[in-house]
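So you know, we letter chains A, B, ... as the sequences are listed, proteins then strands, and number each from 1.
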There are 2 protein chains.
Amino acid sequence: MDDDAYPLGQSATVGADDIAAAWRRELPGVPTHSIPVVTPIWRLAKLLADDRRRFLADQGVDAATLDLISTLRRAGEPYTLSTRELAARCLVSAGAISQRVARAEKDGLVTRGPARGRPKTVPVTLTAEGHGLTDRLVGELLRREAELIGDGDHETLAAGLRELLAAVGARTAQ
Amino acid sequence: MDDDAYPLGQSATVGADDIAAAWRRELPGVPTHSIPVVTPIWRLAKLLADDRRRFLADQGVDAATLDLISTLRRAGEPYTLSTRELAARCLVSAGAISQRVARAEKDGLVTRGPARGRPKTVPVTLTAEGHGLTDRLVGELLRREAELIGDGDHETLAAGLRELLAAVGARTAQ
DNA sequence: CGGTGTATGTTTAGGTCTAAATTTAGATCT
DNA sequence: AGATCTAAATTTAGACCTAAACATACACCG
């Protein structure tokens, strides 16, 4: 019996070109030229995110919290942004920021001020502890990331990505 | 009073170059040359994933389930893979596959066979309903994706991404 | 001067993931 | 045969996210 007519055992690494070829075989006529661009982007994002998550877990921090405090740190003095502004810069929903801030506040990394101004606006400010933690982690993280992508020349790749991001951003903005 | 010394109101779109410049200003000496490559990759991945999630939500399907059934569909006859193999191809943990399969099985999209072979191996097979749903959705999804990235020539971008993925993959493999 | 509008922030319901603990079914050794 | 080993699968605990419902505060207008 051909008990091995389908792969139940060993795993094969499937590349983007294999995926595109498989769809052309299974669904002739469907456009597949986006696959060699989109698949590596998703895989790279996942590899980088996983690597960062594992490193941060060792330090007792989660990636969402680092994203929050490093956005505040990067903004410079006085290290304060509104919930709305944080949502826009972190690219997550306002609800997600509300939850992130609650966690970070419990850990003493940020403080929440009283609502103020026209539509009630809540200022979130980095504490000294949050400031120090951010500096320690971001330096190490950027050094790891620089090692991961290597020393080669990524000028043209960066330019291509910037252009694609602008195009996709324009077309997905409703 | 300078009540607007920090941006609590309107949101500015912050590009990768702004982020790199901010870190050079706030943390001199930290390497920032990975940022113009890594940031657009994360943002593109998020834009594409969000667009896909919204489209699928309208169809009553979630992205994780489509990833599962399209991986089985793409494998070709007899549309069967083990849990382990699915985890490797979908790039998620075995536990996540177990949960995805449980949901998809409840919806009648896949069936789980009895364990078999040396280390117990569970075959997961696409049903006729799952087969049809996949074909309907994948065609539409690839057409949307092709529109999003546009008609330009992405040959060199794809090559650069493939090369970077190989390099990062080699360096993150423990 | 009180209703209506509008933008913000918070809460909640539902769903996903990872890591770790647990279960399970053959293989192997004595 | 029985103990032990091993790899796979499942379960569970803990975190996170989005979308939608809800709460809030001020501006504006009739």
Side-chain angles (χ1 to χ4, degrees), chain A residues 3 7-11 42 45-47 49-58 60-68 81-88 90-107 110 112-124 174, chain B residues 3 7-11 42 45-47 49-58 60-68 81-88 90-107 110 112-124 174:
Chain A
D3 272 359
L8 285 174
Q10 76 300 334
S11 71
W42 274 354
K46 182 167 168 50
L47 284 180
D50 286 352
D51 186 76
R52 171 171 295 198
R53 183 170 39 68
R54 277 192 291 262
F55 166 71
L56 288 175
D58 292 344
V61 179
D62 64 80
T65 297
L66 179 72
D67 187 35
L68 175 74
L81 293 169
S82 69
T83 298
R84 211 75 195 165
E85 183 68 21
L86 282 166
C90 293
L91 302 178
V92 296
S93 66
I97 292 294
S98 206
Q99 295 173 44
R100 285 182 179 188
V101 170
R103 288 194 300 272
E105 192 176 35
K106 189 160 54 61
D107 293 343
V110 303
R112 232 182 311 206
R116 211 200 47 173
R118 167 64 173 79
K120 70 170 177 180
T121 293
V122 174
V124 178
Q174 305 90 338
Chain B
D3 273 357
L8 286 173
Q10 76 300 339
S11 72
W42 275 355
K46 183 168 166 50
L47 284 179
D50 285 353
D51 186 75
R52 172 173 295 197
R53 184 170 38 68
R54 278 192 290 263
F55 167 70
L56 288 175
D58 292 343
V61 179
D62 65 80
T65 297
L66 180 71
D67 187 35
L68 175 75
L81 293 169
S82 69
T83 297
R84 212 78 196 162
E85 183 68 20
L86 282 167
C90 294
L91 301 179
V92 296
S93 68
I97 292 294
S98 208
Q99 296 173 47
R100 285 183 179 187
V101 170
R103 288 194 300 272
E105 193 176 34
K106 189 160 55 61
D107 292 343
V110 304
R112 234 182 311 208
R116 208 199 49 173
R118 167 64 173 77
K120 68 168 179 177
T121 293
V122 175
V124 178
Q174 304 90 342

> So, for B:Arg84 and B:Ala94, which heavy atoms are closest and what is the spacing to 0.1 Å?
NH1-CB, 3.6 Å
> I need the CG-C1' distance between A:Leu66 and D:dA15, as an integer number of Å.
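Taking atom C1' of D:dA15 as the reference, CG of A:Leu66 is at 16 Å.
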> Is any side-chain N or O of B:Lys106 closer than 4.0 Å to OP1 or OP2 of C:dG15?
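Checking B:Lys106 against C:dG15: no side-chain N or O falls below 4.0 Å of OP1 or OP2.
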> Distance check needed: C:dC17 P versus A:Lys46 NZ, whole Å only.
9 Å
> To the nearest 0.5 Å, tell me how far B:Ile97 CD1 sits from B:Glu85 CD.
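Result: 10.5 Å between the selected atoms.
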> Contact class for B:Asp62 vs. all strands (heavy atom < 4.0 Å): base, sugar-phosphate, or nothing?
sugar-phosphate
> So what does B:Ala64 hit on the nucleic acid, given a heavy-atom distance under 4.0 Å: a base, only sugar-phosphate, or nothing?
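Sugar-phosphate only.
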> State, yes or no, whether a side-chain contact exists between A:Leu86 and A:Arg100 at a heavy-atom distance under 4.5 Å.
no
> Do A:Asp51 and A:Leu47 have side chains that approach each other closer than 4.5 Å (heavy atoms only, starting at C-beta)?
no
> Can you measure B:Arg54 atom CZ to D:dA19 atom P for me and round it to whole angstrom units?
7 Å
> Whole angstroms only, please: what is the CG-C1' distance between B:Asp50 and C:dG15?
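My rounded result for the distance is 15 Å.
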> For residues B:Val101 and B:Thr83, determine if any side-chain heavy atom of one lies less than 4.5 Å from a side-chain heavy atom of the other.
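B:Val101 does not reach B:Thr83 side chain to side chain.
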> Below 4.0 angstrom from OP1 or OP2 of D:dC17, is there any side-chain N or O of A:Arg100?
yes
> Where the side chain of B:Arg53 is defined as all heavy atoms beyond and including C-beta, which of D:dC16, D:dA19, D:dA9 is the nearest nucleotide?
D:dA19
> Within this structure, what is the CD-to-P distance between B:Gln99 and C:dA19, rounded to whole angstrom?
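Value for this atom pair: 13 Å.
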> Below 4.0 angstrom from OP1 or OP2 of D:dA7, is there any side-chain N or O of B:Thr121?
no
> Can you tell me the distance, in whole Å, between the CG atom of B:Asp58 and the C1' atom of D:dA19?
13 Å
> Could you check how far CG of A:Asp107 sits from C1' of D:dA15, rounded to whole Å?
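Distance check: A:Asp107 CG to D:dA15 C1' gives 13 Å.
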> Ignoring backbone atoms, test whether A:Arg103 places a side-chain nitrogen or oxygen under 4.0 Å from the OP1 or OP2 oxygen of D:dC16.
yes
> Between B:Ser93 and C:dA19, does any side-chain N or O lie under 4.0 Å from OP1 or OP2?
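No, no such contact exists.
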> If you check the B:Ala96 side chain, which of D:dT18, C:dT18, D:dT10 turns out closest?
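Of the candidates, C:dT18 comes closest.
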> Between A:Asp67 (CG) and D:dC16 (C1'), how many Å, whole number?
12 Å
> Less than 4.0 angstrom between a side-chain N/O of B:Arg112 and OP1 or OP2 of D:dT10, yes or no?
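Yes, because at least one side-chain N or O of B:Arg112 sits under 4.0 Å from OP1 or OP2 of D:dT10.
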